[in-house]
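Heavy-atom basis, side chains included; hydrogens, waters and symmetry copies ignored.
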Number of protein chains: 2
Amino acid sequence: MSNKTTTKDVSLEIKEIQESGLRVTEPRKKILHIFESNEDQHFTADMIYSELKKQGENVGFATVYRVLTQFEEAGLLVRHNFDSGHAVFELKKKCHHDHLVCISCGKIIEFLDDSIEARQCKVAKDAGFEVTSHSLTIFGYCSECRGNTK
Amino acid sequence: MSNKTTTKDVSLEIKEIQESGLRVTEPRKKILHIFESNEDQHFTADMIYSELKKQGENVGFATVYRVLTQFEEAGLLVRHNFDSGHAVFELKKKCHHDHLVCISCGKIIEFLDDSIEARQCKVAKDAGFEVTSHSLTIFGYCSECRGNTK
DNA sequence: CCGATTATAAAAATAGTTATCATTATTAAT
DNA sequence: ATTAATAATGATAACTATTTTTATAATCGG
Ligand SMILES: [Mn+2]
Ligand SMILES: [Mn+2]
Ligand SMILES: [Zn+2]
Ligand SMILES: [Zn+2]
């Protein structure tokens, strides 16, 4: 009647944390689980904190920020700084992508355009830059929100 | 022997401020002048504040932030949020452009690639988005800084 | 199971920015 | 030019997102 969480799905997350060289702790398991069980979703620290609260967990805000940063450094998560002032995190995908962000409802759509990627390299090369990363975000109204404004 | 500042160049700035519907005040004249006399440069609130201090002006930090925001709303300046946490302002150009940012020395190079702009429209259209704006920033090492790291 | 090590929660600190407010400056109307 | 109405200013406090500190607690190899 122990409360060990040894479910199959959870054991995968434990392995991922271990392989990143981090100790397996409750907050880290819980936080990673939120990402893994909501694939393709983007979360702010605040959203993660609220979700944990909703699940009845007692995890401090500082811990959320710390773990998110550790997961980013470990290569489990990617951080985006869009425009809103608060960072957004998502599971690291195999492949890079950029984002369309609805300024009305906040919906995020991912895309990858090879032509844009290639031109970016060319632009940087022409300017003598060695590219380390780039960030392309298109803001606008999604199909749903567009209807509301006519 | 009055200290009226009725120089030719300054009168242009006065007109610009008036035409934005804002009162012509010393801080606003001084701040706009910094931008106009350093065309193509990008400034943070902090840089503007320091520059004013260096010129012996006594302008509060709050005023700098207020004026920058007002100039942005008036369409005189454009605000960028790059990645660093602090906003960067520049004179509003006639034409849109994107940025290459050196993560070592902070140098900013502007560029405009029609092919990228066009593809962005297509991507958004395909996703059913009505674009309001976009932000593309390429981070890396500029030609000078690249040399230092070999 | 133990103990060295590392992680945690809570609180305080920080950075960038915005709001408050009493005082001063600008502007439009005398 | 004076005046009155109104808006802007600087000092400072407040705020938001995030990081650091600290004292306690959990982890994990042996
Ligand atoms: Mn994404
Ligand atoms: Mn620019
Ligand atoms: Zn929407
Ligand atoms: Zn550089």
task: Measure from the side-chain heavy atoms of B/E26 and tell me the nearest of C/dT26, C/dT8, D/dT9.
output: C/dT26
- prompt: For the pair made of NZ in B/K29 and P in D/dT9, what is the distance, rounded to whole Å?
  reply: 12 Å
field: Per A/A87 side chain, nearest of listed nucleotides D/dT18, C/dT20, D/dT27
entry: D/dT18
task: Would you indicate which nucleotide in D/dG10, C/dT8, D/dT19 comes nearest to any side-chain atom of A/A62?
output: D/dT19
- prompt: Reckon B/T63 touches a base, only the sugar-phosphate, or nothing at all at heavy-atom distances under 4.0 Å?
  reply: base
- prompt: Rounded to the nearest Å, what distance is computed from the CG atom of residue A/L22 to the C1' atom of nucleotide D/dT27?
  reply: 13 Å
message: Using only atom types and a distance under 3.5 Å, with no angle test, would you say the side chain of A/R79 pairs donor to acceptor with the backbone of A/V88?
response: no
query: With respect to the phosphate group of D/dA26, does any side-chain polar atom (N or O) of A/R23 fall under 4.0 Å of OP1 or OP2?
result: no
salt_bridge(B/E26, B/K30) N-O dist < 4.0 Å: yes
- request: Tell me whether the centres of the aromatic rings in A/F129 and B/Y141 are closer together than 6.0 Å.
  value: no
message: Classify A/D46 by what it touches in the nucleic acid, base, sugar-phosphate, or nothing, heavy-atom distance under 4.0 Å.
response: nothing
field: Nearest to side-chain heavy atoms of B/R66, which nucleotide of C/dT20, C/dT8, D/dT18
entry: C/dT20
query: Hey, is the side chain of A/T25 poking within less than 4.0 Å of OP1 or OP2 on C/dA7, counting only N and O atoms?
result: no
- line: Judged by nearest nucleotide, the residue sitting upstream toward the 5' end of DNA chain C, B/V88 or A/P27, is A/P27
message: Between B/K92 and B/E72, does any side-chain N to carboxylate O distance fall below 4.0 Å?
response: no
task: Decide if the gap between the ring center of A/Y49 and the ring center of A/F61 is smaller than 6.0 angstrom.
output: yes
- request: Could you please name the option among D/dT19, D/dT9, C/dA9 that lies closest to any side-chain atom of A/Y65?
  value: D/dT19
- request: Find the distance A/F89:CZ to D/dA17:C1' and express it as a whole number of Å.
  value: 11 Å
- prompt: Roughly, in whole Å, what's the span from CD1 in B/I48 to P in C/dG16?
  reply: 16 Å
- request: Using a heavy-atom cut-off of under 4.0 Å over every strand shown, decide if B/R28 touches base, sugar-phosphate, or nothing.
  value: sugar-phosphate
- prompt: Among C/dT18, D/dT9, C/dT8, which nucleotide sits nearest the side chain of B/T69?
  reply: C/dT18
query: Tell me: CG of B/N58 to C1' of C/dT24, nearest whole Å?
result: 13 Å
